[in-house]
Amino acid sequence: MYEPIDQTFFQAPVLELSRNLIGQYIVHEQPPGSSVPYLVARIVETEAYQGPIDRAAHSFSNQPTKRTEVMFKEAGLVYTYQMHTHILMNVVSGAVGVPHGVLIRAAEPIEGFEQMQMNRGEKIQMKDWTNGPGKLTKALGITMKYYGHHWSEKPLFISEGPEVKEIETGPRVGIGNTGEAVDYPWRFFEKGSKYVSKYR
DNA sequence: AGAGGGATGGTCT
DNA sequence: GACCATCCCTCTA
């Protein structure tokens with residue numbers, strides 16, 4: 001019933017892709033024998049990162065490193081990386097050689113509630129399962145093993161969700177000391193969603 | 001080879 | 001609002 005979105009979806013310019021990702025489903029199929037067949041969340045918040053023209057981007061130097069090399073490959077690949085004790089996930093964007101990316105910051109739980117509760121721990125309330133980039137990957141069970149995987153292939157893929165009414169923009173979160181980049185309005189989120197990571 | 005530090009989150013005050 | 005857990009990448013030498 002959930003089917004991967006077409007690869008061409010990822011070919012849009014990074015700001016457009018960041019906006020288009022709002023409202024789409026992230027589907028993580030679970031191994032046979034799991035309590036649920038898949039975990040699903042609906043994206044409500046993204047941020048665009050634009051490589052060499054963006055001081056806040058990991059790929060600002062425009063030189064591939066062990067961490068960022070996947071960003072220089074084709075759009076639609078998964079860029080995961082570790083931040084302190086958490087894994088964050090991105091959609092690679094831009095032509096080959098142009099290291100853009102879209103950070104998926106927050107989503108709304110859709111299916112697999114019991115498993116998400118287990119993944120996040122008993123004490124965490126539903127509204128806090130997926131309202132941040134590190135929380136989201138933990139709830140969905142996404143790890144570094146998906147580095148370089150394609151977002152249009154099972155078992156982890158984007159699937160088309162319902163139309164979103166209104167999308168707001170603003171400055172990105174958590175990128176202090178990046179000069180002019182701190183004010184770029186490259187954050188996108190669904191207006192009024194209670195699963196957005198934070199309002200500012 | 002080692003220091004520095006980060007696109008975060010949970011807990012405590 | 002402050003503290004810090006804890007990994008591993010990146011830069012410099």
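Reminder, nothing fancy here: chain letters follow the sequence lines and each chain counts from 1.
Nucleic acid contact class of A/Arg55 (heavy atoms, under 4.0 Å, all strands): none. Within 4.0 Å (heavy atoms only), A/Leu103 reaches at least one base atom of the nucleic acid. Using a 4.0 Å heavy-atom cutoff across all strands shown, A/Asp128 reaches no nucleic acid atom at all.
Side chains of A/Val40 and A/Ile26 form no contact here, defined as non-hydrogen atoms less than 4.5 Å apart.
Both A/Thr65 and A/Met83 sit near DNA chain C, but only A/Met83 has its closest nucleotide nearer the 5' end. Comparing A/His58 and A/Arg120 along DNA chain B, the residue whose closest nucleotide (by nearest heavy atom) sits nearer the 5' end is A/His58.
The separation between A/Lys66 atom NZ and C/dT10 atom P is 9 Å, rounded to whole Å. Rounding to whole angstrom units, CZ of residue A/Phe60 and C1' of C/dC9 are separated by 18 Å. Remark: C1' of C/dC7 and CD1 of A/Ile87 are 9 Å apart, rounded to the nearest angstrom. Protein atom CG of A/Asn62 is 13 Å distant from nucleotide atom P of C/dC11, rounded to whole Å. Rounded to whole Å, the distance from NE2 on A/His86 to P on C/dC8 is 14 Å.
Under the Watson-Crick or G-U wobble criterion, with both distances below 3.5 Å, B/dA7 has no partner in any strand shown.
Sparse packing is recorded around CE of A/Met118, with 12 or fewer heavy atoms of other residues, nucleotides or ligands lying under 6.0 Å away.
Residue A/Ser35 comes nearest to A/Gln115 through the heavy atom pair OG-OE1, 3.3 Å, listed as atom of the first residue, atom of the second, then distance.
Shown are A/Gln117, A/Arg120, A/Met126, A/Arg42; of these, the side chain to side chain contact (heavy atoms under 4.5 Å, CB included) with A/Pro109 is made only by A/Met126. A salt bridge (Lys or Arg N to Asp or Glu O under 4.0 Å) with A/Glu47 is found for one member of A/Arg105, A/Arg19, A/Arg172 and no other, namely A/Arg105.
Between C/dC8 and A/Arg67, no contact under 4.0 Å exists linking OP1 or OP2 to a side-chain N or O. Using a 4.0 Å cut-off, no side-chain N or O of A/Gln82 falls inside it from OP1 or OP2 of C/dC7.
Of all nucleotides in DNA chain B having an atom under 4.0 Å from a heavy atom of chain A, the first and last in 5' to 3' order are B/dG6 to B/dT11.
For the residue pair A/Glu111 and A/Tyr2, a side-chain donor N or O sits within less than 3.5 Å of a side-chain acceptor on the partner.
The backbone N or O of A/Lys165 lies less than 3.5 Å from no partner atom in the side chain of A/Glu163, so there is not a single donor-acceptor pair.
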